[in-house]
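Below, all heavy atoms of this structure are taken into account, side chains as well, without hydrogens, waters or symmetry copies.
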Amino acid sequence: MPIENLLNPMLQSATIELLSISPPGWGANLLRGLANSIQIAVGAFGLGLAIGIAGAWGKLYGSPMVRDLMEIYTTVVRAVPELVLILLLYYAGTDLINRALDSFGYAPIDISGLVAGICVLGVVQGAYATEVIRGAILAIPQGQIEAARAYGMPPGKMLRRITLPAMLPFAIPGLANLWLIATKDTALLAVVGFNELTQETRQAGATTKAYFTFFVAAGVLYLLLTLFSNVIIGRIERWARRGMPPVTESGQ
């Protein structure tokens with residue numbers, strides 16, 4: 001017991017020192033990695049949402065060729081593991097862009113890890129967002145769409161004024177899940193060397209050999225991000241459902 005009482009304060013002191021913001025602590029590195037992860041997640045989610053809106057609209061109201069292309073896109077992206085897609089899009093995509101630039105007489109470009117990460121995860125997010133938004137649009141009472149068409153409302157205006165506001169309450173739960181998935185999928189970019197939270201955690205653990213300490217710290221940071229996201233999502237959902245009857249459990 002005396003030895004344990006002596007070692008516990010020493011271990012606690014060493015842990016605090018490892019996680020401190022100032023050197024030799026790695027706290028600043030973990031926070032920088034978290035900030036990079038949030039940047040990528042926000043950019044990828046926004047890009048995926050834009051792709052999802054366009055994809056859902058194309059699947060529901062596009063020409064047969066557009067519907068077929070959207071069906072191929074969503075099927076392939078959802079079928080192939082995300083890690084494989086990230087490696088394929090990151091390396092092969094960069095190579096194809098530089099080959100295209102070279103064929104037109106332009107010098108190759110070096111795409112930053114941040115931009116590449118956002119584009120790669122955005123393409124993946126877009127396939128899932130397409131199906132979430134398509135399902136939400138189908139949940140809208142068709143009388144609203146038919147009334148807008150009867151008044152001769154253009155498709156673009158109908159999308160802004162009728163479809164998007166009406167489908168939002170149905171889409172938020174699925175989109176909220178996609179946002180939380182995006183925050184965790186940023187960890188997959190560690191395989192291509194981008195310094196997001198997981199990569200910073202691996203570097204800190206490899207340098208100090210305190211893997212348990214740093215991966216627990218990273219897990220806590222991911223959990224805090226999820227809890228904060230849930231608060232914001234809850235407020236957005238209440239705002240989107242304003243004027244609608246409250247949801248109650250069956251039998252009450």
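A pairwise comparison of heavy atoms in Leu47 and Ile118 identifies CD2-O, 3.8 Å as the closest pair. Shown here for Ala206 and Tyr211, the closest heavy-atom pair between the two residues is CA-OH, 3.3 Å. Taking both residues in full, the closest heavy atoms of Leu225 and Leu34 are given as CD2-CD1, 4.4 Å, listed atom of the first, atom of the second, then distance. Of all the heavy atoms in Glu196 and Gln199, the pair that sits closest is OE2-N, 2.8 Å. Counting all heavy atoms, side chain and backbone alike, Leu197 lies closest to Leu30 at CD1-O, 3.4 Å. Among all heavy-atom pairs drawn from Val123 and Ile51, the shortest one is CA-CD1, 4.3 Å.
The only option from Arg78, Arg134, Lys59 that meets the salt bridge (charged side-chain N to carboxylate O under 4.0 Å, His left out) definition with Glu71 turns out to be Lys59. The one candidate from Val80, Ile86, Leu87 that meets the side chain to side chain contact (heavy atoms under 4.5 Å, CB included) condition with Val84 is Val80.
Residues satisfying the ring pair (Phe, Tyr, Trp, His ring centres under 6.0 Å) test with Phe215, not counting sequence neighbours, are none. Residues passing the side chain to side chain donor-acceptor pair (under 3.5 Å) test with Tyr73: none are found, sequence neighbours excluded.
Note: the hydrophobic cluster containing Leu223 does not contain Leu180 (ILVMFWY, side chain heavy atoms under 4.5 Å, direct or indirect links). Tyr222 and Val220 are members of different hydrophobic clusters when ILVMFWY side chains are connected at heavy-atom separations under 4.5 Å. Val132 and Leu60 fall within a single hydrophobic cluster, where Ile, Leu, Val, Met, Phe, Trp and Tyr are joined by side-chain heavy atoms under 4.5 Å apart, directly or via other members. Transitive grouping of hydrophobic side chains (ILVMFWY, heavy atoms separated by less than 4.5 Å) brings Leu178 and Leu138 into a common cluster. At a threshold of 4.5 Å between side-chain heavy atoms, the hydrophobic network of Ile, Leu, Val, Met, Phe, Trp and Tyr places Val231 and Leu221 in two separate groups.
A donor-acceptor pair shorter than 3.5 Å cannot be found between the side chains of Thr226 and Lys184.
Within the 4.5 Å cutoff, no side-chain heavy atoms of Phe228 are placed close to those of Ile233. Looking at heavy atoms from C-beta onward, Thr183 lies out of side-chain contact with Phe45 at the 4.5 angstrom threshold. By the 4.5 Å heavy-atom criterion applied to side chains, Leu121 and Leu188 are not counted as neighbours.
Through direct or indirect side-chain contacts shorter than 4.5 Å among Ile, Leu, Val, Met, Phe, Trp and Tyr, Leu96 is connected to no other residue.
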Given side-chain contact (heavy atoms from CB on, under 4.5 Å), test Thr130 with Met70 step by step and report yes or no.
-> CA-CA 9 Å; Thr130 295; Met70 290 298 101; 5.6 Å; no
Ile40/Leu189 under side-chain contact (heavy atoms from CB on, under 4.5 Å): CA gap, chis, key distance, verdict = CA-CA 10 Å; Ile40 293 175; Leu189 295 176; 3.5 Å; yes
